[in-house]
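In this text, all values refer to a predicted model and were calculated from it rather than measured experimentally. Residues take their numbers from the sequence shown, with the count starting at 1.
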Amino acid sequence: QVQLVESGGGLVQPGGSLKLSCEVKGNIFSIEVMAWYRQAPGKQRELVANITSYGRTNYADFVMGRFTISRDNAVNTVYLQMNSLKPEDTAVYFCNPEVLLPGTYTFRSDYWGQGTRVTVSS
C-alpha cells in the first residue's frame, strides 16, 4: 500500500512564501519522477513541476523563477518551495510520484494524496 502525506499549505498574502512537503510511505522499491500538480476551483488539474531521481527538474511556465522543486531520496519526500505567490496560485496542490513496487517491473503513477490547500489572498 502506498500513502502520500502532503503538508505545508495555508493562507498567505500575495508576495508571500510557502513550502509544501509530500512524503511517500509504504513498501516501495524505488521512485523515479516526483511531481506536483495543482487544481484550482473549476479548473483542470495541471502540472506545476517535476523532478527525476537524479535531480533533473521541469517547471510549468507560470511558476518559472518563483517555485523550486526538490527531493530527499533518503526519506522519499518531495518539496515545493513557493515564493512570490500570486492570487492565481490559489489551488489544491497534489504530489504524484512514479513508483516501482517490489516484485513488479512497471512504474506506476496513479497514486494521489488528499492534497494540501494553498490560498493566496490579502
Side-chain angles (χ1 to χ4, degrees):
Q1 189 76 341
V2 175
Q3 288 184 305
L4 308 181
V5 181
E6 296 141 325
S7 63
L11 173 64
V12 64
Q13 292 187 339
S17 298
L18 284 174
K19 186 173 184 177
L20 308 183
S21 298
C22 173
E23 182 182 3
V24 184
K25 294 185 171 182
N27 189 17
I28 299 163
F29 184 76
S30 70
I31 304 175
E32 180 49 33
V33 179
M34 300 184 86
W36 283 99
Y37 284 78
R38 72 183 187 185
Q39 188 165 19
K43 294 188 176 182
Q44 290 190 330
R45 194 169 295 188
E46 59 186 357
L47 177 67
V48 176
N50 58 32
I51 183 169
T52 67
S53 59
Y54 48 90
R56 181 176 179 180
T57 59
N58 174 60
Y59 295 93
D61 288 343
F62 53 78
V63 302
M64 192 76 70
R66 300 188 298 123
F67 292 9
T68 302
I69 190 170
S70 61
R71 64 190 283 174
D72 186 340
N73 293 330
V75 291
N76 290 339
T77 299
V78 62
Y79 306 96
L80 187 68
Q81 176 67 46
M82 305 186 295
N83 299 328
S84 303
L85 282 161
K86 305 175 181 180
E88 50 264 44
D89 294 319
T90 296
V92 178
Y93 285 71
F94 301 88
C95 73
N96 178 235
E98 195 174 69
V99 303
L100 184 65
L101 302 180
T104 67
Y105 302 94
T106 304
F107 281 88
R108 294 180 53 172
S109 57
D110 54 344
Y111 293 108
W112 298 90
Q114 295 297 311
T116 184
R117 183 174 301 276
V118 172
T119 303
V120 185
S121 175
S122 55

>> Tell me if the CZ atom of F62 is crowded by more than 12 foreign heavy atoms within 6.0 Å.
In response: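 Yes, the 6.0 Å shell around CZ holds more than 12 heavy atoms from other groups.
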
> What do you reckon, is CD of E88 surrounded by more than 12 foreign heavy atoms closer than 6.0 Å?
Replying inline: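 Check passes, neighbour count above 12.
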
With a 4.5 Å limit on heavy-atom distance, are the side chains of [X] and [Y] in contact?
X	Y	value
N50	Y37	no
Y59	T68	yes
M82	D89	no
P97	L4	yes
L11	S121	yes
C22	Y93	no

>> If we count only N and O atoms by modelled type, under 3.5 Å, do the side chains of N73 and R71 hold a donor and an acceptor together?
In response: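 Per modelled atom types, N73 and R71 side chains form a pair under 3.5 Å.
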
> Taking all non-hydrogen atoms of both residues, which atom of V48 and which atom of V63 are closest, and how far apart?
Replying inline: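 That would be O-CG2, 3.6 Å.
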
> Given E32 and S53, is the side chain to side chain donor-acceptor pair (under 3.5 Å) satisfied, shown in steps?
Replying inline: CA-CA 5 Å; E32 180 49 33; S53 59; 3.1 Å; yes

>> Treating E6 as the side-chain partner and G115 as the backbone partner, does any N or O pair qualify as donor plus acceptor under 3.5 Å?
In response: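 At least one qualifying donor-acceptor pair exists.
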
